[in-house]
Undergrad: 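What follows is a structure written as structure tokens; I'll ask about it next.
Convention: sequence-line order gives letters A, B, ...; per-chain numbering from 1.
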Protein chains: 2
Amino acid sequence: MSKRDEITAQTRQNIIDAFWTLYCEKRIEKIPVRDITDKAGYNRGTFYEYFVDVYDVLEYIENSLIPTLEELPPVSTPTGTLGMPLDMFLELYQKNSRFYSQLLGDNGDPAFASKLKNSIKPTIRKLFEDNPTVDIKELEYILEYTLSAMIGIMSFWFKQSDALTNEKLFELIHRLMESGVIKQLPFKE
Amino acid sequence: MSKRDEITAQTRQNIIDAFWTLYCEKRIEKIPVRDITDKAGYNRGTFYEYFVDVYDVLEYIENSLIPTLEELPPVSTPTGTLGMPLDMFLELYQKNSRFYSQLLGDNGDPAFASKLKNSIKPTIRKLFEDNPTVDIKELEYILEYTLSAMIGIMSFWFKQSDALTNEKLFELIHRLMESGVIKQLPFKE
DNA sequence: AATAATCCAACATCATGTTGTACAATATGA
DNA sequence: TCATATTGTACAACATGATGTTGGATTATT
């Protein structure tokens, strides 16, 4: 890598880092380019050499956090007792939790949840694609239901100050997926 | 209602309507006050007589869409076979689907999903609050899991061009909640 | 007629995105 | 190897557009 490329990469990263710090503090629409470059130590104009606008920075970050098909583990037989490769999702979330919890949180980007779900869906679909007993249309609803639930519970988990342990959380999720929500809650008969 | 009040209410509503039309077309941060008032037929300055800024309009709309405790049906025994008052949620979503699908969608407000979930949680919590066999901490995770899943599947449903019928969707949700995701999908043994 | 509200025009301020330029790093040709 | 041409990085300055505020004109209410 030439010195030029190093400088370029470093500057880009400095801008990204400064943006992320601010993004964790406030909504993206309240972040002026000026604040980013001030924090990163550059002229405002320099920002535009690297990004189109503030949203472009976010997109750059998001794309680096969406797993590619190659990164996702290849699907063979259902993993463990779960049947759906959701351990994969748990791992993915934990690896990037710092970013995911922000992007999927109240000040995050609603489109990121969709991107994430859509990046995972093909892998799960493959499990069922040549199984004639599966209703394809229904499967799509189940995918959406499940991934939404997973994202919801993981984000919630991450926000808790006295969170469940990994093991307890995983065990709970397994239970919920295997026998449903209702069975986990006793009702007066 | 005096004529004054009528005019005030009408103007406020006109601004809200104009905002909503634009909000359905693009992200909120790309909506200048000018565009709103142009569409509504007022001077830009008039906007500031009614709202603090563009986000204030959104907040106003959101608050009118969050059910109050009184609006939510009183909890007695679990409704139907579901055990959780989720029919309530389905009804709520359908009544406001035009707004919900936008606010909960990719160009929506991530904070709205939280507001909505938090408005419903107390009602469900009450069902279990004096049941000593329920793990309170775990219940919170189950609530988050379930409500996230419900919001996810309803939003997905609404986006579909050839969507399932109401009945099929409800039946699917019931199945998923009663016996879990896994049981709904056959695996090669 | 006096008061209070609705609405608007004009202003100062701030953020945006672009352009021209200084300076540093690299490539080229004797 | 050394001088020169070329490219890339960063910046200051500019034009444009959006923001939020203020003072005044107009219309409804008392």
Undergrad: Classify the nucleic acid contact of B:Phe47 as base, sugar-phosphate or nothing, counting any heavy atom under 4.0 Å across all strands shown.
TA: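 B:Phe47: no heavy atom of the nucleic acid under 4.0 Å.
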Undergrad: Remember a base hit wins even if backbone is also touched, and classify A:Phe51 as base, sugar-phosphate or nothing at under 4.0 Å, heavy atoms.
TA: nothing
Undergrad: Extract all donor-acceptor atom pairs below 3.5 Å that involve side chains of residues 88-96 of chain A and protein atoms in other chains or at least two apart in sequence.
TA:
| residue | atom | partner | partner atom | Å |
| --- | --- | --- | --- | --- |
| A:Tyr93 | OH | A:Ser155 | OG | 3.3 |
| A:Gln94 | NE2 | A:Asn166 | OD1 | 3.4 |
| A:Asn96 | ND2 | A:Leu92 | O | 3.3 |

Undergrad: What are the 5'-most and 3'-most nucleotides of DNA chain C lying under 4.0 Å from any heavy atom of chain B?
TA: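 First-to-last contact on DNA chain C, by the 4.0 Å heavy-atom rule, is C:dA4 to C:dA9.
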Undergrad: Touch check for A:Tyr48, heavy atoms < 4.0 angstrom, all strands: base, sugar-phosphate only, or nothing?
TA: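 Base: the residue A:Tyr48, judged by heavy atoms under 4.0 Å, touches a nucleobase.
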Undergrad: Test the B:Arg12-B:Phe51 pair against the cation-pi criterion, namely NZ or CZ under 6.0 angstrom from the six-membered ring centroid and within 45° of the ring axis.
TA: yes
Undergrad: To the nearest Å, how far apart are B:Asp38 CG and D:dG17 P?
TA: 14 Å
Undergrad: Assign each of A:Lys30 and A:Arg44 to its nearest nucleotide of DNA chain D by heavy atoms, then name whichever residue's nucleotide is nearer the 5' end.
TA: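 Taking each residue's closest nucleotide, the earlier one in sequence belongs to A:Arg44.
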Undergrad: Do A:Tyr145 and B:Phe156 have ring centres separated by under 6.0 Å?
TA: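 No.
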Undergrad: Just how far, in rounded Å, is P of D:dG24 from CG of B:Asn43?
TA: 17 Å
Undergrad: Between A:Arg12 (CZ) and D:dG8 (P), how many Å, whole number?
TA: 14 Å
Undergrad: With sequence neighbours excluded, tell me which residues meet ring-ring contact (aromatic ring centres under 6.0 Å, His included) with A:Phe99.
TA: A:Trp20
Undergrad: From CZ of A:Arg34 over to P of D:dA12, roughly how many Å is that when rounded to an integer?
TA: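 Going from CZ in A:Arg34 over to P in D:dA12 covers 10 Å.
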Undergrad: Starting from C1' on D:dG24, measure out to CD on B:Glu49 and report it in whole angstrom.
TA: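 Whole-Å distance recorded here is 13 Å.
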Undergrad: Just do the side chain to side chain contact (heavy atoms under 4.5 Å, CB included) check on B:Leu172 and A:Ile142 with the steps written out, would you?
TA: CA-CA 9 Å; B:Leu172 172 61; A:Ile142 297 179; 4.3 Å; yes
Undergrad: Is it true that A:Lys159 and B:Glu144 have a side-chain N and a carboxylate O under 4.0 angstrom from each other?
TA: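 Looking at B:Glu144 together with A:Lys159, the answer is no, because their closest N to O distance does not fall below 4.0 Å.
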